[in-house]
Amino acid sequence: MIALAPGLIWRPAYFSREEQQALLDDIRAVLRTAPLFTPAMPRTGKPFSVRMSNCGPLGWVSDRDGYRYQSRHPQTGAPWPAIPQRLLDLWAAVAGYERPPQACLVNYYHPAARMGLHVDGDEQELRAPVVSVSLGATCLFRYGGARRADPTRSLKLQSGDVIVIGGASRLVYHGVDRLYPATSTLVAGDGRVNLTLRRISSGD
Ligand code: MD3
Ligand code: FE
């Protein structure tokens, strides 16, 4: 495990290939109930290149009306499926937070998809970390400081890597600049799946 900054812990190759496959199977089951949707930027309605879904009591969505957590899928209206046990176990092992996650955001990247620099600040309980799992194609990940203009560092995240983002790093800017083709056979078509476990509120 490598401390990239205070509160920002990288655990390369946390999951074996077999565990990665099992996680991906869990997520495929989630997506049968809660299909990927295309989020849009608030106000402009510009579509994201990343498609998303969620599991857990709450899910993160974005559309013209803004960013928010809600209990139902924006298209089907159904409650999100439960967070798979394997991911609850991961949180218990690495989060250092007494209560379970309330949301797991599923990000699907096609080979040309990107995620611009942003801060994850929609959660009320900022004492809880965000726990991220990368599956599939290697990506170039970038993180900086508390201000958008702060200098940034880049890091290649590989399939099976886990990052815990907490403490002094919980509100730093970060994004995904690009994917690298032919770096993993886990996700068909050189795609990438990122899972982020989140706690939204301190209470129920
Ligand atoms: C590092 N996801 O879903 S990993 C997101 O790879 C998101 O799909 C990226 O940013 C992805 O919001 C990055 C998760 C992550 C989340 C917050 C961070 C990494 C972070 C905050 C600071 C540094
Ligand atoms: Fe983020």
Side-chain angles (χ1 to χ4, degrees), residues 1-12 14-15 20 23-24 27 36-39 41-42 48-56 58-62 67-69 83 87 90-91 94-95 97 101-123 125-148 150-180 183-184 186-187 191-200:
M1 103 179 194
I2 297 166
L4 298 168
L8 185 57
I9 309 300
W10 180 31
R11 294 171 170 273
Y14 184 90
F15 289 112
Q20 294 170 40
L23 276 170
L24 194 60
I27 294 307
L36 291 167
F37 60 91
T38 300
M41 289 296 289
F48 287 35
S49 62
V50 175
R51 290 193 294 153
M52 298 183 173
S53 186
N54 292 272
C55 47
L58 292 171
W60 188 86
V61 301
S62 180
Y67 307 132
R68 63 198 172 273
Y69 282 95
I83 298 176
L87 291 171
L90 169 66
W91 176 274
V94 305
Y97 187 84
Q102 291 169 307
C104 175
L105 175 61
V106 179
N107 292 148
Y108 170 75
Y109 292 76
H110 61 74
R114 311 275 175 264
M115 191 179 286
L117 274 189
H118 67 278
V119 168
D120 292 24
D122 297 332
E123 303 75 22
E125 176 49 308
L126 294 171
R127 289 174 302 185
V130 173
V131 175
S132 150
V133 183
S134 292
L135 297 172
T138 298
C139 77
L140 187 63
F141 173 76
R142 191 146 60 101
Y143 65 96
R147 285 168 298 223
R148 183 178 287 279
D150 286 342
T152 59
R153 292 182 175 198
S154 292
L155 181 72
K156 285 182 184 175
L157 289 180
Q158 291 189 289
S159 196
D161 289 4
V162 167
I163 293 202
V164 180
I165 309 102
S169 290
R170 180 62 182 75
L171 292 176
V172 305
Y173 276 86
H174 60 280
V176 172
D177 287 337
R178 61 165 296 194
L179 266 54
Y180 294 94
T183 47
S184 171
L186 189 74
V187 176
R192 174 173 184 265
V193 173
N194 178 261
L195 311 173
T196 45
L197 296 161
R198 297 143 187 266
R199 181 80 202 179
I200 317 308

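Start at 1 with the first residue, then count along the sequence. Note that the structure is predicted; figures quoted are calculated from it, not measured. Both ligands and their constituent atoms are indexed starting at 1 by order of listing.
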Select the closest option to atom 22 (C) of ligand 1 among V131, L171, V172, L8, judged by heavy-atom distance.
-> V172
Can you check whether [X] has an N/O within less than 3.5 Å of an N/O in ligand 1?
X	value
S132	no
Y109	yes
Y143	no
H118	yes

Proximal ligand 1 atoms for [X], defined as those under 4.0 Å from one of its heavy atoms:
X	result
R198	3 (O), 5 (C), 12 (O)
R192	6 (O), 8 (O), 11 (C)
L105	3 (O)
T196	3 (O), 14 (C)

Indicate whether the side chain of Y69 and that of Q102 have a donor and an acceptor atom separated by less than 3.5 Å.
-> no
On the ring face of Y180, is R178 found with NZ or CZ under 6.0 Å from the centre and within 45° of the axis?
-> yes
Side chain, backbone, both or neither: L157 near ligand 1, heavy atoms under 4.0 Å | neither
What residue among L157, L135, T138 forms side-chain contact (heavy atoms from CB on, under 4.5 Å) with R192?
-> L157
